[in-house]
Amino acid sequence: MAQPYELPKFYVPYPARINPHLEATRAHSRAWAYEMDMIDVPQQGKAIWDAHDYDSHDYGLLCAYTHPDATGPALDLVTDWYVWVFYFDDHFLEVYKKTQDMAGAKAYLDRLPLFMPLDGVITEEPHNPVERGLADLWTRTVPSMSMDWRRRFTGTTEALLAESLWELNNISAGRLANPIEYVEMRRKVGGAPWSANLVEYAVNAQVPPEVSASRPMQVLSDTFSDAVHLRNDLFSYQREVEKEGELNNGVLVIERFLGCTPQQAADKVNDILTSRLLQFESTALTEVPPLLEEHALGPQAWLDVMNYVKGLQDWQSGGHEWHLRSSRYMNDGGKAATSQLGGPAGLGTSAARIATSIISTMPYRLRSHGNLPYRVVGPTALPDIYMPYDLRMSPHESKAREHMMEWSERMGLLDGLVWDAGKLEAHDLALCAAAIDSDATPEQLNITTGWLTWGTYADDYYPIVFGRTRDMASAKATNARLSQLMPVDGEATPDPVTPLERSLQDLWQRTAGPMTVPARKTFRAAIDTMIDSWLWELANQFQNRIPDPVDYIEMRRRTFGSDLTMALCRLAHGRTVPPAIYKTRPIRALENSAADYACLLNDLFSYQKEIQFEGEIHNGVLVVQNFLNCDQTEAIAMVNALMTARMKQFEHIVAVELPALFDDYDLDDEARRTLTGYADELKYWMSGILNWHRGCHRYEEADLWRHALPQGPKGLGTSAARIPSSHQLRRQPVAHAQRLDGAL
């Protein structure tokens, strides 16, 4: 069968090396697979693997390439894990995907966590090769691993298993995911986060628990995972799409979304893969060392983390070499290993591709750090925006607007440093609050308006106060102080010094006072997530680095304050729904799709404000322009298409996945009404945000010129002259001069 496209030129910046224990591991894992009944033993009448299948896949070669420095025993065990996970994938395909047996699949998957107890022995009797293999592997692995690692590995394994139902649901419904949804879900069903956990075992270097849940370590895992999965999609398109009728393949997703040829889609998927690898490198070099310093970790912890990073790099290069050779994939019978090189074939020749890899990625690297700030882009020609939901407005809007002006003045937000009364009036945040909280009492609407005001003020404050002075230390100190001003259980708090602190303390006392301690923890975590994301923006600004598109989408939810507003919705009815329900895939997908719609909507309206007037780089239109190397018009159309896709996904979840969730968890009527009401609140949230963007005076060009300070000449390059200098900022009143750690 002819290949549907030529494999693209991959970015492989590190040479692949091979473990010297390869042959011994091949023999060991083949014997283990026979012992577990994975070879030549049909399951429910379905043949999964015969000896030829197993040998041609060559999982020993995969693991010898991806773990070149593992000891012999460690390589044996890691290879057995990979034999198990690939067998699981093929077994699930034959027994459940092809038959579309949803009930059987769910019962099968529900049993597997029984063979991974965090502590103690396995008491359940295995009934099939997947259960038998998992029980054996878990028993052999956990004695040498920490409890923190066990929890993380159990989580990634269960996600890999459970989210297989998402793939099965899509196949049953003939539904193709949108690009954002696909990357998000592929990370779970594809198994690479699971592989990243196994790297810790293979290199004998566990990530310290103090940093294992931090953003930099999570980004390393996510970028590693995305690159692994997208590479696999490129090699497996022919087998999955053309032979098996699979829908969950990144090349197919991009092909259908862009309406392009398979070759064009493959090239674009390779661009995303490359971007994720570059993000991995940037995180490892610029974010991980400061993280380890911040937590004052010792030399051994540094060594463990660096070995883990090196292990992930080895996996990428080795995994690529294996894909070029395994019969499981589209590689022209293994000849791709030669054609990709354009030179000699054989083991050890991968290093010759490094120079080509680096040269081919240079244009994207230069674009990502070559943004010209404050360039004139002109007004944005807004596209037709898809909004299927009606708008509702609170009758207390005008009173909330009056209160917002009085409260902001009293808190000191209108001193001219960031805002004045004219700016606040133009922003009209009561208009937004009245739509997203239309059933609120007058006092509740005042609080909602206050949070929107505080969050918008703070979002403007950080780039002015810390961005223009490049003072990350003071930004971090400010974040620490803000968190301390939100006590959960009677902790002592510092006295507020700035309007930013004073207004937060006031809102926290009015909002969190009636809450339970667990609810306060949840709510504070949402605010901490938002303010921490502003440090990510500052770091990119200091580097003049336009973010990677996937990282941007995921971080934009945080910088926009989506977690904060959704937390307010959830906390209003948290007692009627089991907390675990809010962690399920349908609810998280519901929230993320709504958040992405709102964030990208904001990017369309704020493009001129941010690019021309503020010198910003955190805008989805700019991110798409940079990634696709396209013009502004094309980027706007792409952002609108992504918005529309996320809204249609939201509609699908409400219509199909929420009712299925209710039945799967056997929720009572009250819980069902609560979650249905929550979905309705998100509908009003999105329609209200659109209405606010259309009705406020924060984004129109005339308003942008009117509020630009100081007033000056117009034209190319002149907007930079309107930026307040550090000297101007220092001339603010004495009360503002008392900022934390001498920030100004």
Side-chain angles (χ1 to χ4, degrees), residues 367-383 385 418-419 423 426-427 429 432 455-468 530 533-549 551-553 555-562 596-627 630-633 635-636 638-640 642-643 689-690 692-694 696-709 714 716-724:
R367 288 200 309 273
S368 296
H369 290 274
N371 181 61
L372 178 64
Y374 305 105
R375 68 182 184 278
V376 174
V377 297
T380 303
L382 293 171
I385 294 174
V418 180
W419 284 356
K423 279 191 175 183
H427 297 164
L429 293 155
C432 188
T456 306
Y457 173 86
D459 191 44
D460 287 350
Y461 177 97
Y462 271 65
I464 289 176
V465 174
F466 305 120
R468 292 167 186 171
M530 180 173 69
S533 71
W534 296 335
L535 301 181
W536 170 80
E537 288 187 315
L538 288 174
N540 286 334
Q541 203 78 42
F542 295 167
Q543 299 174 43
N544 193 33
R545 177 182 173 273
I546 300 173
D548 162 87
D551 195 38
Y552 176 76
I553 289 290
M555 288 301 294
R556 186 71 173 96
R557 298 167 193 159
R558 304 182 184 190
T559 64
F560 189 68
S562 303
D596 292 346
Y597 179 90
C599 294
L600 293 172
L601 168 70
N602 177 263
D603 287 347
L604 288 177
F605 278 85
S606 65
Y607 180 73
Q608 184 183 20
K609 171 181 175 288
E610 293 179 340
I611 304 306
Q612 181 173 332
F613 286 82
E614 297 174 351
E616 256 289 356
I617 55 176
H618 298 97
N619 183 284
V621 177
L622 180 64
V623 169
V624 169
Q625 278 183 274
N626 178 64
F627 178 68
C630 64
D631 63 26
Q632 178 180 331
T633 302
I636 288 170
M638 179 61 67
V639 168
N640 189 45
L642 288 170
M643 280 173 53
I689 288 173
L690 175 59
W692 175 69
H693 279 86
R694 286 172 169 166
C696 74
H697 296 280
R698 182 174 167 88
Y699 302 110
E700 293 181 4
E701 185 178 38
D703 300 307
L704 293 172
W705 283 116
R706 182 161 51 251
H707 295 299
L709 292 175
K714 302 178 182 181
L716 182 63
T718 60
S719 58
R722 296 187 298 274
I723 307 170

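Throughout, numbering of the chain's residues begins at 1 and tracks the sequence. Quantities reported herein were computed from a predicted structural model and do not represent experimental measurements.
Inspection of the R367 and N371 side chains reveals no N or O donor paired with an N or O acceptor under 3.5 Å. Under 3.5 Å, the side chains of H369 and R545 contain no donor-acceptor pair of N or O atoms. When only modelled atom types and interatomic distance are considered, Y607 and N602 share no side-chain donor-acceptor pair under 3.5 Å. Using a 3.5 Å distance cut-off with no hydrogens or angles, the side chains of T559 and D459 do not pair a donor with an acceptor.
Taken from CZ in F627 to OG in S368, the straight-line distance is 9.5 Å, to the nearest 0.5 Å. Within the model, atoms CH2 of W419 and CG of D460 stand 6.0 Å from one another, a figure rounded to the nearest 0.5 Å. With rounding to the nearest 0.5 Å, the separation of CZ in F605 from OH in Y699 is 9.5 Å.
Between the side chain of W692 and the backbone N or O of H427 there is at least one donor-acceptor pair closer than 3.5 Å. Checking side-chain atoms of Y552 against main-chain N and O of G620 turns up a donor-acceptor pair under 3.5 Å. The closest donor-acceptor contact from the side chain of E616 to the backbone of H618 lies under 3.5 Å. Judged purely by atom type and a 3.5 angstrom limit, R558 has no side-chain atom pairing as donor or acceptor with the backbone of M555.
Paired with E701 under the rule side chain to side chain donor-acceptor pair (under 3.5 Å), one option of K609, R706, Q612, Q608 passes, and it is Q608. A side chain to side chain donor-acceptor pair (under 3.5 Å) with R556 holds for exactly one of N619, D603, D551, D596; it is D603.
Checked against the 6.0 Å centroid threshold, F613 and W705 count as a close aromatic pair.
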